[in-house]
Amino acid sequence: MSVKTRVGNVVEVINQNKKKTANDTYHAVLLKTNGHVHEFLFTQVELDVAYSRARKNIEDTLERSFISKIID
């Protein structure tokens, strides 16, 4: 059974109050889990790893919903 969902957006944000060795930017997303919205920040490396994992395990990925195909 495949799960269908809408497409979200990853937004690049500038790292405010950056420490010396920290990244200049992060990739921010808002995700809903168990009825609550949570904020997440990812580095480019973390996104690359997740993308690679999804490509290797295509059978475990999501499918776009009909509505998403029309408006996203």
Side-chain angles (χ1 to χ4, degrees):
M1 177 177 100
S2 84
V3 175
K4 296 183 180 186
T5 190
R6 297 270 316 271
V7 173
N9 294 308
V10 177
V11 179
E12 187 174 44
V13 295
I14 295 172
N15 184 356
Q16 306 292 316
N17 301 320
K18 179 183 172 303
K19 304 249 188 308
K20 195 177 227 179
T21 60
N23 291 349
D24 292 331
T25 61
Y26 289 110
H27 301 278
V29 295
L30 298 172
L31 300 173
K32 188 191 304 187
T33 47
N34 300 325
H36 295 90
V37 175
H38 300 278
E39 300 172 9
F40 293 89
L41 293 175
F42 297 99
T43 64
Q44 184 61 52
V45 169
E46 291 167 330
L47 286 180
D48 292 344
V49 169
Y51 180 78
S52 177
R53 184 181 305 117
R55 298 292 49 90
K56 291 177 184 174
N57 298 283
I58 197 76
E59 71 281 2
D60 298 325
T61 59
L62 302 172
E63 187 178 329
R64 287 176 66 182
S65 69
F66 176 75
I67 295 296
S68 175
K69 290 176 183 177
I70 294 172
I71 63 176
D72 289 333

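Note that the structure is a prediction, hence the values are computed from the model and not measured.
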List the atom pairs, donor and acceptor, that lie under 3.5 Å between side-chain atoms in residues 29-43 and the rest of the protein, sequence neighbours left out.
| residue | atom | partner | partner atom | Å |
| --- | --- | --- | --- | --- |
| T33 | OG1 | H38 | NE2 | 3.4 |
| H36 | ND1 | N34 | O | 3.0 |
| T43 | OG1 | E46 | N | 3.1 |
| T43 | OG1 | E46 | OE1 | 3.3 |

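- Not counting sequence neighbours, the partners of T25 by the side-chain hydrogen bond (donor to acceptor under 3.5 Å, both in side chains) test are E12.
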Donor-acceptor pairs are to be reported for all side-chain atoms of residues 63-72 against protein atoms at under 3.5 Å, with residues two or more places apart or in another chain.
| residue | atom | partner | partner atom | Å |
| --- | --- | --- | --- | --- |
| E63 | OE1 | S2 | OG | 2.9 |
| R64 | NE | S68 | OG | 3.2 |
| R64 | NH2 | S68 | O | 2.9 |
| S65 | OG | S68 | N | 3.1 |
| S68 | OG | D72 | OD2 | 2.7 |
| D72 | OD1 | R6 | NE | 3.4 |
| D72 | OD1 | R6 | NH2 | 2.8 |
| D72 | OD2 | R6 | NE | 3.0 |
| D72 | OD2 | V7 | N | 3.1 |

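- Remark: D24 engages K18 in a salt bridge (Lys or Arg N to Asp or Glu O under 4.0 Å) (not counting sequence neighbours).
- The side-chain hydrogen bond (donor to acceptor under 3.5 Å, both in side chains) pairs that include a residue from residues 50-61 number zero, where partners must be two or more places apart or lie in different chains.
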